[in-house]
Amino acid sequence: MERKHMSAFALYQTLPADAPPPAKKPPVQLVAKKKKKKENGVAVNKANALKAQVKSERRKMRKKLPKSAQREERQKGSAQKQQQQQQEEDEEEEEECMNGDVEAGGEMIDGLLVDLARVNNSRLRASQLFKWLIDPIPAKAFFRDTWEKKPILVQRENPHYYKGLFSTAEFDRILREEDVQFGVNLDVTSYTNGKRETHNPPGRALPFTVWDFYKSGCSLRMLNPQAFSSTFWNVLSILQEQFGSMAGANVYLTPPGTQGFAPHYDDIEAFVVQLEGKKHWRVYNPRSEDEVLPVLSSPNFKQTDIGKPILEVVLEAGDLLYFPRGFIHQGDCLPDVHSLHITISSYQKNSWGDLLQKVVPAALEVAMEEDVEFRQGLPLDYLTYMGVQNSDNDDSRRTKFFSRIESLLKKLKDYAPVDAAVDQKARDFLHDCLPPVLTPEELATSVQGAPTRWEGGEVIDVGAQINTQTRVRLLRAGCARLCSDGDSVHICYTTDNSRVYHKEVPKSFEIQTEHTDAVEFLIHSYPQFVTVGSFPCESAEDRVTLAELLFERGIIHTEEPL
C-alpha cells in the first residue's frame, strides 16, 4: 500500500501524541509522545504542570532564599558590567565575522566549520552559518521580506559552494557501514504517469538492493543523514540555535530523467540545497488562504489540482531554493544527469496557534478554580436558541449569550500561563535538539575530555578539580533551561540527547530551589566565563557542589582544562 509523502519530521511523528500505539511495534525513531512522560523517573503531566506553575506564580508560592542588600548590590553591579562587556564583545566578534574572519562565500564546509569553531558565542556561530547558507541574501532582509512569505532562488554558478556537505560517495559509505533500515532511514520512491509509489522492502537497506532500485529509476530519500554524517550533525546542531526550533534534513538522490514524488506541500520551512547534478523545480502558490502556512503536510496532488507554477527553474550544484510551508512543489531530473540535493527544514508546529494550544486549556483550568464566573451554570434553555439549527434566528438571547462568551474570553487572558506554556514549548524543543558537536577546545575543557583513565593497572586523574576560582560557562547558549512544574524546579538540557530523533527520553533533573538563582546567573552570563565563587549561592560548598553537578552532566565547561 502506498504511503503518502511525508517530511522527515512528519515521518518521525506518525504516531499521534494522544492516540494509543499501534499493534505493530514501531522502530525506535517512532516513539510516541504520551500525555504523561517520565523524565529521569519523574512523571510529568504537561497540562497539570502548566496549571500548577501559573497558580504557583499567581499565588507567589515559590519563595527564594532572602538575599542581603550587599549581595543584591554586588549581583546588580556584576550583571551590568557583564552585560556591557558582552555587548562590546558581540559587536567586535560580529564585525570580525563580517570582515571575513568567517567568510560567507564559497568556502568548503570543513574549513567553514573550523572557522566557526573559533567563534566564541554559539548564537553568533549559528547566525554566521545561516548567513553562509543563504549568501548573498542578507539574513535580516530574508527574515523581513521572504521568511514564511514567498520562495526565493539563489543561483551561484559555483558548483563547489556546498562541497563537503554531503555526496553520493557519502551516501554509498553510509549504506555499507551503517545500519540503514528501509522505511525508517531510507525510502525508495517513484512517480510515473501521475502515480506516486513507495517500494520499501523490509529490513536493512544494503547497497546491493538499494542501487538496484536506483538503476531501475527509483529515487532514494535518506530521512536522517545527521544520524550517520558527522558533518551534517554539526551543521544542524548549529542551525537549530538560529531557528529556535528543530532543524532536520532529508537527502534526495534521483536518477536521470525521473521524478520521485508527486506535487505536494509540506508543513516546514524548506531550504533545498543542490549538491550534485541538476534538478528541474516547479513551485506553486498555496491554492487558498486555508493552505497558507498549513498545520499539516498535504496529500499528493494531480497536475490539474495545482494550476501554473510561479517559479520554474533548474537548480545546479551550489544553488539554493527556499520556499515556505504551504507552497506546492515538485522536482524532476533532466534526462542526462542525476540529482543529489538535501532539504534543510525547520519550524514545524512552531506557530502562535501551537503555543495557544498549550496556553488556553491551562488558563481555563485555573480560571475555573479561581473565578466563580467560569463555574456559573449555562442558561437552562440555551439549547433552544443556540447551535447550528438556531444560527439563523434573530433572537436577543443569542446576542446576550455571545456577549457573555466574549466577556469570559477577555477575562481568560488574566489566567493565561504564557511563560509556563513557552517553557513547555522550550522543553519540547530541547528534547528535539541534536546534541552539540564539541570543538577541540570544548572537548578539552568539558567532562567528555576529562583526563580520567586506566593506566598502569589503576585509575588515575579521578575527579574534577573544581573550586571557587574555576571559571565556567554553559557549553552552548541554548543547551539548558530552567523549567518548573509549580512544585519543583528542573534543568532541561540537550547535551545527553541522541543523534537519532527522540531515541532518548527528555533529559532533565531536579535542582534545589536555592540553586535556581545560580543557574539563572549562568544562563544570562553566557558567553562570559564566570568564577564558581561568583555563583549567588549561600555557601562556597553549595557553589562547588552545583558546579560539579552541571559539569558532570556536560552542561558547563571550564575556561582552562582541569
Side-chain angles (χ1 to χ4, degrees), residues 8 103 105-116 129 132-135 154-182 185-189 204-215 217-239 247-261 270-281 314-321 331-334 336-345 434 437 499:
E103 295 182 1
E107 187 174 358
M108 288 195 305
I109 189 65
D110 289 343
L112 176 64
L113 292 173
V114 169
D115 286 344
L116 287 172
L129 182 58
W132 167 83
L133 179 70
I134 66 169
D135 184 76
V154 177
Q155 292 179 304
R156 295 194 175 92
E157 298 182 355
N158 179 1
H160 303 295
Y161 189 86
Y162 294 118
K163 185 175 180 181
L165 197 57
F166 201 83
S167 65
T168 48
E170 178 76 349
F171 202 117
D172 184 71
R173 180 200 66 78
I174 290 170
L175 293 176
R176 295 180 184 283
E177 298 179 6
E178 306 286 353
D179 183 17
V180 178
Q181 295 286 319
F182 284 113
N185 314 113
L186 186 75
D187 278 335
V188 179
T189 69
R204 181 175 171 182
L206 291 167
F208 180 86
T209 306
V210 173
W211 293 126
D212 184 59
F213 275 121
Y214 176 84
K215 196 70 174 174
C218 293
S219 291
L220 307 176
R221 175 175 62 176
M222 184 172 287
L223 299 167
N224 54 339
Q226 62 272 20
F228 307 114
S229 165
S230 295
T231 297
F232 222 76
W233 166 29
N234 198 354
V235 167
L236 293 182
S237 72
I238 296 172
L239 284 178
N250 292 344
V251 171
Y252 297 84
L253 179 58
T254 311
T258 68
Q259 180 171 336
F261 296 90
F271 297 84
V272 177
V273 176
Q274 190 70 26
L275 301 173
E276 296 176 7
K278 300 177 182 181
K279 199 162 198 178
H280 170 232
W281 283 91
V314 174
L315 285 190
E316 301 186 16
D319 293 347
L320 172 75
L321 173 63
D332 59 277
C333 259
L334 302 182
D336 58 341
V337 64
H338 78 282
S339 168
L340 179 74
H341 81 265
I342 195 161
T343 298
I344 298 171
S345 52
L434 287 163
V437 178
R499 289 163 65 176

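Worth knowing before you read on, the calculation uses all heavy atoms, side chains too, and leaves out hydrogens, waters and symmetry mates.
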Can you find a pair of side-chain heavy atoms, one from [X] and one from [Y], that are under 4.5 Å apart?
X	Y	answer
Y161	D135	yes
V210	L186	yes
L239	L129	yes
F228	M222	yes
H341	K279	yes
F232	I342	yes
H338	P255	no
L175	L206	no

Qualifying residue for side-chain contact (heavy atoms from CB on, under 4.5 Å) with W281, from D319, L321, D332: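 With W281 as partner, side-chain contact (heavy atoms from CB on, under 4.5 Å) holds for just one option, L321.
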
Identified side-chain contact (heavy atoms from CB on, under 4.5 Å) partner of Y162 from the options M108, E276, R156: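 Exactly one option meets the side-chain contact (heavy atoms from CB on, under 4.5 Å) with Y162, and it is R156.
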
Rounded to the nearest 0.5 Å, what separation is found between the [atom1] atom of [X] and the [atom2] atom of [Y]?
X	Y	atom1	atom2	answer
S167	L340	OG	CG	7.5 Å
N250	I344	CG	CD1	11.0 Å
L113	I238	CG	CD1	5.5 Å
N234	L112	CG	CG	9.5 Å
L133	F271	CG	CZ	6.5 Å
Q155	Q274	CD	CD	11.0 Å

F182 vs D187, side chain to side chain contact (heavy atoms under 4.5 Å, CB included): CA-CA, chis, key distance, verdict: CA-CA 6 Å; F182 284 113; D187 278 335; over 6 Å; no

Polar side-chain atom of S229 near backbone of P225 as donor-acceptor pair, under 3.5 Å: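 No: the side chain of S229 does not pair with the backbone of P225.
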
Flag, side chain of R499 to backbone of Q226, donor-acceptor distance under 3.5 Å: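 Side chain of R499 to backbone of Q226: a pair is present.
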
D172-W211 side chain donor-acceptor pair, cut-off 3.5 Å: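 Per modelled atom types, D172 and W211 side chains form a pair under 3.5 Å.
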
Full working for side-chain hydrogen bond (donor to acceptor under 3.5 Å, both in side chains) between K278 and S339: CA-CA 5 Å; K278 300 177 182 181; S339 168; over 6 Å; no

Audit row: Q259, T254, side-chain hydrogen bond (donor to acceptor under 3.5 Å, both in side chains) steps and yes/no: CA-CA 7 Å; Q259 180 171 336; T254 311; over 6 Å; no

Intermediate values then yes/no, side chain to side chain contact (heavy atoms under 4.5 Å, CB included), L165 and V235: CA-CA 9 Å; L165 197 57; V235 167; 3.8 Å; yes

Shortest non-hydrogen contact between [X] and [Y], atoms and distance:
X	Y	value
D179	N185	O-OD1, 3.6 Å
A249	L236	CB-CD1, 3.9 Å
A317	L275	CB-O, 3.5 Å
S219	T258	OG-OG1, 4.4 Å

Charged tip of R221 within 45° of Y252 ring normal and under 6.0 Å: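 R221 over Y252 ring: no.
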
Side chain to side chain contact (heavy atoms under 4.5 Å, CB included) assessment of H280 paired with L334: CA-CA 7 Å; H280 170 232; L334 302 182; 4.2 Å; yes

Intermediate values then yes/no, side chain to side chain contact (heavy atoms under 4.5 Å, CB included), T231 and F166: CA-CA 8 Å; T231 297; F166 201 83; over 6 Å; no

